[in-house]
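Down below is the structure, laid out as structure tokens.
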Amino acid sequence: MSESDRYMLEREKKRDALRAAGVDPYGGRLPDVEAAVDVRARADGRDISAGEKLADFTARIAGRITLLRDIGKLAFLTVQDRTGTFQFGLSKSELGDAQWAVFKQLDLGDIIGGDGILGRTKTGELTLWLKTLIVLAKALRPPPEKWHGLTDVELRYRHRYVDLFSNRDDVYEVFRRRSAIIHAIREYLVDLGYLEVDTPVLQPIYGGAAARPFVTHHNTLDMDLYLRISPELYLKRLLVGGMERVFEISRNFRNEGISPRHNPEFSMIELYEAYADYHVMMERTEGMVAAAIAAIGGPAELVVQGGGQDDAKDRGPLVRSGEAELRDPPALTGRASAATFLRPFGEHTLNFAPPWRRAKYADLLREYAGLDIKDKAGVLDRAKEQGIYQKLTKAIGDGHVHVKPDHAAEGSLIDHDVLVNELFDVLVQPHLIQPTFVYDYPASICPLTRRHPGDPSIALRFEAFAAGMELGNAYTELNDPRVQEENFRRQVAGEGDETMAVMDEDFVMAMEYGMPPAGGLGVGIDRLVMLLTNSRSIRDVILFPLQRKGG
RNA sequence: GAGGGCGUAGCUCAGUCGGCAGAGCACCUGCCUUUUAAGCAGGUGGUCCUGGGUUCGAGUCCCAGCGCCCUCACCA
């Protein structure tokens with residue numbers, strides 16, 4: 001017999017003892033349960049001295065037993081509900097022998113309800129002194145260690161339900177905030193007149209991003225389908241249809257590598273606004289984030305675990321190391337003040353107060369790399385210095401790098417703008433800690449993007465960065481059907497990345513009916529939640545991140 | 001896909017030079033009517049990730065595999 005079997009057997013014996021005593025170990029509906037936090041609020045209105053019990057203050061609370069202190073004929077249980085914890089006080093003489101016998105069959109992890117009267121113990125702890133004990137669910141497996149909780153990263157992801165109840169103060173809180181953030185964004189856009197829609201996840205033709213798709217199959221139609229990599233092409237059709245302001249919170253699927261910032265399925269919000277441009281989308285980005293921050297409250301005291309093993313070892317019971325100086329700084333208490341927009345992230349404090357910094361791509365390249373974007377020789381030299389040129393020339397032939405000598409510097413095999421882009425990633429992006437809109441990208445690295453009317457070498461695009469991480473991407477959208485069609489043709493011809501979208505004739509047809517000029521924006525929800533909950537891994541903001549079979 | 005780290009009781013973790021498998025929590029038995037990770041006394045509990053190998057002897061050394069984490073690659 002394994003040890004876990006022994007644990008189960010002990011608990012099954014207690015379950016059977018409950019049944020033998022006529023108590024259902026798996027109770028049903030329990031009306032009028034009050035949240036722990038609400039009982040506390042109600043108690044605030046009363047003056048209760050230590051050791052006092054208020055016969056007229058009754059309450060019913062339910063939750064999971066997280067602590068159990070049996071002191072003979074008296075016991076204290078700590079139960080946890082969705083709002084916090086509450087102490088139950090049980091006295092053998094008050095409860096009576098029958099109920100006391102029920103208590104004796106309880107273990108850590110069981111879910112119970114209690115009716116009782118409120119009081120304070122000698123030490124002042126707010127306590128519900130039970131008159132009636134209600135068994136709601138006998139747990140057959142023991143919870144993890146009560147002090148450390150579940151820290152094994154693999155077990156946390158594979159058994160997230162255990163992670164959630166045993167690491168309530170950080171893990172559960174992350175997902176509570178995630179919910180609040182999404183709700184706030186939705187409300188913000190709806191208030192602006194946006195319509196929320198659902199477009200196909202199963203797509204016969206995939207597009208809207210450069211990524212490898214997952215393939216699936218419909219049996220009856222005998223048709224291969226792709227899980228969407230982006231909702232973009234459907235949302236633009238809706239612009240044609242007259243949905244002038246439209247958004248979707250979209251689960252996207254990309255058959256790519258996995259990293260602390262990439263999960264095969266991830267959430268993104270995409271929005272399109274007719275008659276707007278990418279500058280308007282900057283304001284929308286700021287607005288959504290501001291709404292999200294307002295929804296989750298003031299400056300975060302929350303510091304969550306990273307995936308790293310070193311982090312796990314440092315982990316304290318409630319909050320992680322390194323955040324002490326960020327907890328309730330006196331200067332940040334004003335709800336409406338700009339300080340509310342300060343969020344801790346790793347060793348940084350990010351300031352999301354609008355307006356965020358707006359900087360042109362070329363200007364940032366000059367500022368952080370000291371490079372003139374038009375100086376082909378200088379860029380080439382720096383690329384060689386950084387080993388980028390060598391890496392790219394080595395990669396020629398595997399399909400990822402294309403030789404375009406006409407755009408290259410003298411003697412270079414690699415396109416100038418490709419080198420610029422690589423240098424930007426290495427030399428500039430890590431410096432973009434504070435929220436920053438990088439705009440006016442070189443057109444050649446985003447060939448499908450609408451050009452600046454006065455300068456065809458500039459694309460009307462921005463990317464939003466924070467903590468060195470890409471957070472969002474926006475465009476002044478192309479609405480010329482012939483240009484769009486030509487873009488598709490160039491992709492199909494393999495001129496761009498070979499994984500990019502195939503020709504979507506219906507999409508072109510839609511545009512031929514007239515699509516209003518529009519601004520379009522995509523924001524990674526998971527990454528935004530990471531930033532606003534100080535989570536270092538995307539897996540810490542996704543409830544059930546993909547794991548290999550087994551383990 | 002490449003490199004590095006980790007895998008020991010249900011959980012959190014020690015384990016020295018290769019020499020009887022350890023602690024805390026949890027669990028079981030007993031005591032306890034004001035505890036706060038309650039306490040005290042006694043006790044149970046092991047596929048040391050899996051499979052090979054070296055050795056008189058392997059948790060420890062070697063090889064292969066599996067899983068997780070990290071870095072890189074991939075990735076609007």
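Letters A, B, ... mirror the listed sequences (proteins, then strands); counts begin at 1.
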Where the side chain of [X] is defined as all heavy atoms beyond and including C-beta, which of [options] is the nearest nucleotide?
X	options	result
A:E145	B:C27, B:A38, B:C25	B:C25
A:Y7	B:C27, B:U33, B:U71	B:C27
A:H148	B:U12, B:C68, B:C27	B:U12
A:Q87	B:C27, B:A76, B:U35	B:U35
A:P142	B:A26, B:U12, B:U34	B:A26
A:K122	B:U33, B:U34, B:U12	B:U34
A:F76	B:U12, B:U34, B:C68	B:U34

Pairwise [atom1] distance for [N] and [M], with rounding to whole Å:
N	M	atom1	value
B:G24	B:A64	P	39 Å
B:G5	B:G46	P	32 Å
B:U60	B:G53	P	14 Å
B:C11	B:C27	C1'	12 Å
B:U47	B:G43	C1'	24 Å

- Query: If only side-chain N and O atoms of A:R69 are considered, is one of them under 4.0 Å from the OP1 or OP2 phosphate oxygen of B:U35?
  - Reply: no

- So, do A:Y441 and A:Y361 have ring centers that fall under 6.0 Å from each other? yes

- Is A:R64 positioned over the aromatic face of A:F165, cation under 6.0 angstrom from the ring centre and no more than 45 degrees off axis? yes

